[in-house]
Enquirer: 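One structure follows; several queries about it will come next.
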Amino acid sequence: MIEARDLRKIYRMGSVEVAALKGVSLAIDDGEFVGIMGPSGSGKSTLLHQLGLLDTPTSGSIVISGTDVSRLDDEGRTLFRLMHLGYVFQDYALVTDLDVLENVAISAIVRGRPVDECYAAAREVLERVGLGRRLHHLIGELSGGEQQRVSIARALVNTPAIVFADEPCANLDTENSQIVLDLFRRINRDLGQTIVMVSHEPWHMDYFDRIVFMKDGLLDTERMREEGLRAKQRMIIEKVD
Ligand SMILES: Nc1ncnc2c1ncn2[C@@H]1O[C@H](COP(=O)(O)OP(=O)(O)O)[C@@H](O)[C@H]1O
Ligand SMILES: [Mg+2]
């Protein structure tokens, strides 16, 4: 579904170069809920931005659902994002002048679907995230947790192949973080939705099917081996118990 090979990203600021990705290869299957974890500055967001076509790598290739997206031009990338990908950001990025329903419907409308159908799809997905009773509230009338659920609904309304989320709980308290993570988990199970989420909160680990650990712009393979062993040990202990 997503296959990334030898991704490298160098940011250039004047004469200074920052190598944010130094050769990352990974594959993500259909229906996986994958966490990207690691310390601050390790390249998690940079990796997510390349996989989600929000940025172009300096080198390397990305194939999504059989399309070599690294070969698309700007227009092709924009279209691919619109048709196949959904995004959730830590600051929600909602339109404050519109109500909840409009915020979600507009994402379907820009894709050129009939307006009635867009509103129907928006209502349905807002029900799913538990905001069926908030359709006509303005964004400023909602809590942070509710706003993040609106943005999840917006990401889902076009039934994207993959949803990308960059630290979606960063501005939420523990209770609302749990609500949002439970929601992602449920969407993944019920809809088979592929989700790629960046997080640096250790307690979020329990929610993911698989974790990609980053360190200094590379996959932290040692950490992944350790976590794999720990999971195996847990399974053995559970069997003995
Ligand atoms: N737009 C940018 N310009 C220059 N350097 C950047 C830019 N974005 C990220 N970086 C640098 O790239 C490295 C990785 O950043 P990032 O992917 O944001 O890490 P993380 O999300 O794991 O905290 C850091 O050293 C960061 O300072
Ligand atoms: Mg980041």
Side-chain angles (χ1 to χ4, degrees), residues 2-28 32-62 64 69-70 72 74 77-78 81 85-94 144-145 147-149 151-152 154-155 160 162-174 176-178 180-181 183-184 194-227:
I2 307 178
E3 213 176 339
R5 284 225 184 113
D6 201 20
L7 289 183
R8 288 164 198 269
K9 179 70 188 182
I10 297 168
Y11 290 111
R12 288 196 175 85
M13 296 177 294
S15 59
V16 182
E17 291 191 346
V18 179
L21 293 180
K22 301 172 182 166
V24 172
S25 300
L26 57 87
I28 294 171
E32 270 196 303
F33 184 12
V34 173
I36 299 177
M37 304 189 78
S40 176
S42 58
K44 304 181 298 295
S45 294
T46 304
L47 176 60
L48 193 87
H49 289 167
Q50 315 310 310
L51 298 177
L53 308 197
L54 295 169
D55 194 8
T56 22
T58 307
S59 66
S61 74
I62 304 170
I64 301 179
V69 292
S70 28
L72 296 175
D74 279 352
R77 295 160 62 79
T78 304
R81 283 203 301 265
L85 310 176
Y87 305 92
V88 178
F89 300 105
Q90 71 180 55
D91 62 359
Y92 325 129
L94 299 167
Q147 291 189 35
Q148 193 55 301
R149 282 189 278 150
S151 89
I152 294 170
R154 181 186 53 190
I162 309 156
V163 170
F164 293 96
D166 193 355
E167 307 225 21
C169 302
N171 295 323
L172 301 178
D173 59 21
T174 307
N176 278 296
S177 296
Q178 239 155 15
V180 163
L181 287 162
L183 180 61
F184 273 117
T194 308
I195 302 171
V196 185
M197 179 188 295
V198 170
S199 159
H200 68 251
E201 293 279 346
W203 66 272
H204 293 179
M205 284 173 63
D206 294 343
Y207 287 85
F208 303 128
D209 291 334
R210 185 159 67 89
I211 302 170
V212 171
F213 286 98
M214 297 283 299
K215 190 182 172 183
D216 299 331
L218 289 166
L219 296 184
D220 187 352
T221 45
E222 199 176 319
R223 178 85 195 268
M224 291 198 269
R225 224 182 347 254
E226 282 168 15
E227 294 296 339

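Remember, it's 1-based here, ligands and their atoms both numbered in the order they're listed. Hydrogens, waters and symmetry mates play no part in the numbers below; they use all other heavy atoms, side chains included. These numbers come from a predicted model, not from an experiment.
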Enquirer: Give the residue, atom name and distance (to 0.1 Å) of the protein heavy atom nearest atom 11 (C) of ligand 1.
Expert: Val18 CG1, 3.9 Å

Enquirer: Is the number of heavy atoms from other residues, nucleotides or ligands within 6.0 Å of CZ (Arg77) greater than 12?
Expert: yes

Enquirer: Could you check whether any side-chain N or O of Thr58 sits under 3.5 Å from a backbone N or O of Ile10, counting only pairs where one atom can act as donor and the other as acceptor?
Expert: yes

Enquirer: Return the closest protein heavy atom for atom 12 (O) of ligand 1 as residue, atom name and distance.
Expert: Ala20 CB, 3.4 Å

Enquirer: Under the criterion side-chain contact (heavy atoms from CB on, under 4.5 Å), I'd like the reasoning laid out for Ser177 against Trp203: C-alpha separation, chi angles, the key distance, then a yes or no.
Expert: CA-CA 11 Å; Ser177 296; Trp203 66 272; 3.7 Å; yes

Enquirer: How many protein atoms of type N/O/S are positioned less than 2.8 Å from the Mg ion (ligand 2)?
Expert: 1

Enquirer: If you have a sec, work out which protein heavy atom is nearest atom 18 (O) of ligand 1 and how many Å separate them, to one decimal?
Expert: Ser45 CB, 3.8 Å

Enquirer: Do any nitrogen or oxygen atoms of Gly41 come within less than 3.5 Å of a nitrogen or oxygen of ligand 1?
Expert: yes

Enquirer: Quick check on side chain to side chain contact (heavy atoms under 4.5 Å, CB included): which of Leu47, Val18, Leu21 does Lys9 satisfy it with?
Expert: Leu21

Enquirer: Closer than 4.0 Å and a protein heavy atom, does any atom meet both conditions relative to atom 8 (N) of ligand 1?
Expert: yes

Enquirer: Not counting sequence neighbours, list each pair that qualifies as a salt bridge (charged side-chain N to carboxylate O under 4.0 Å, His left out) and has a residue in residues 213-225.
Expert: Arg223-Glu227

Enquirer: Check for a donor-acceptor pair, side chain of Arg149 on one end and backbone N or O of Leu183 on the other, with a separation under 3.5 Å.
Expert: no

Enquirer: Would a search of protein heavy atoms around atom 26 (C) of ligand 1 find one under 4.0 Å away?
Expert: no

Enquirer: Would you check if the side chain of Asp6 reaches a backbone N or O of Ser59 as a donor-acceptor pair within less than 3.5 Å?
Expert: no

Enquirer: Using only atom types and a distance under 3.5 Å, with no angle test, would you say the side chain of Gln148 pairs donor to acceptor with the backbone of Phe89?
Expert: yes

Enquirer: Among all the protein's non-hydrogen atoms, which is closest to atom 4 (C) of ligand 1, and how far away is it?
Expert: Tyr11 CB, 3.4 Å

Enquirer: Can you check whether Gly52's main-chain N or O pairs, donor with acceptor, with Tyr87's side chain at less than 3.5 Å?
Expert: yes

Enquirer: Quick check on contacts: which atoms of ligand 1 are under 4.0 angstrom from a heavy atom of Met13?
Expert: 4 (C)

Enquirer: Based purely on interatomic distance, does Gly43 place a nitrogen or oxygen under 3.5 Å from a nitrogen or oxygen of ligand 1?
Expert: yes

Enquirer: Non-hydrogen atoms of Ser42 versus ligand 1: any pair closer than 4.0 Å?
Expert: yes

Enquirer: Could you grab the distance from atom CG of Leu26 to atom CG of Leu219, nearest 0.5 Å is fine?
Expert: 6.0 Å

Enquirer: Do any pairs count as a side chain to side chain donor-acceptor pair (under 3.5 Å) and have a residue in residues 36-51, sequence neighbours left out, and if so which ones?
Expert: Tyr11-Thr46, Ser45-Asp166, Gln50-Asp55

Enquirer: Side chain to side chain contact (heavy atoms under 4.5 Å, CB included) with Arg210: which residues, sequence neighbours excluded?
Expert: Ile28, Glu32, Val34, Val212

Enquirer: Below 4.0 angstrom from a heavy atom of Pro39, which ligand 1 atoms are there? Numbered from 1 as shown, please.
Expert: 22 (O)

Enquirer: Which protein heavy atom lies closest to atom 17 (O) of ligand 1, and at what distance to 0.1 Å?
Expert: Thr46 OG1, 2.5 Å

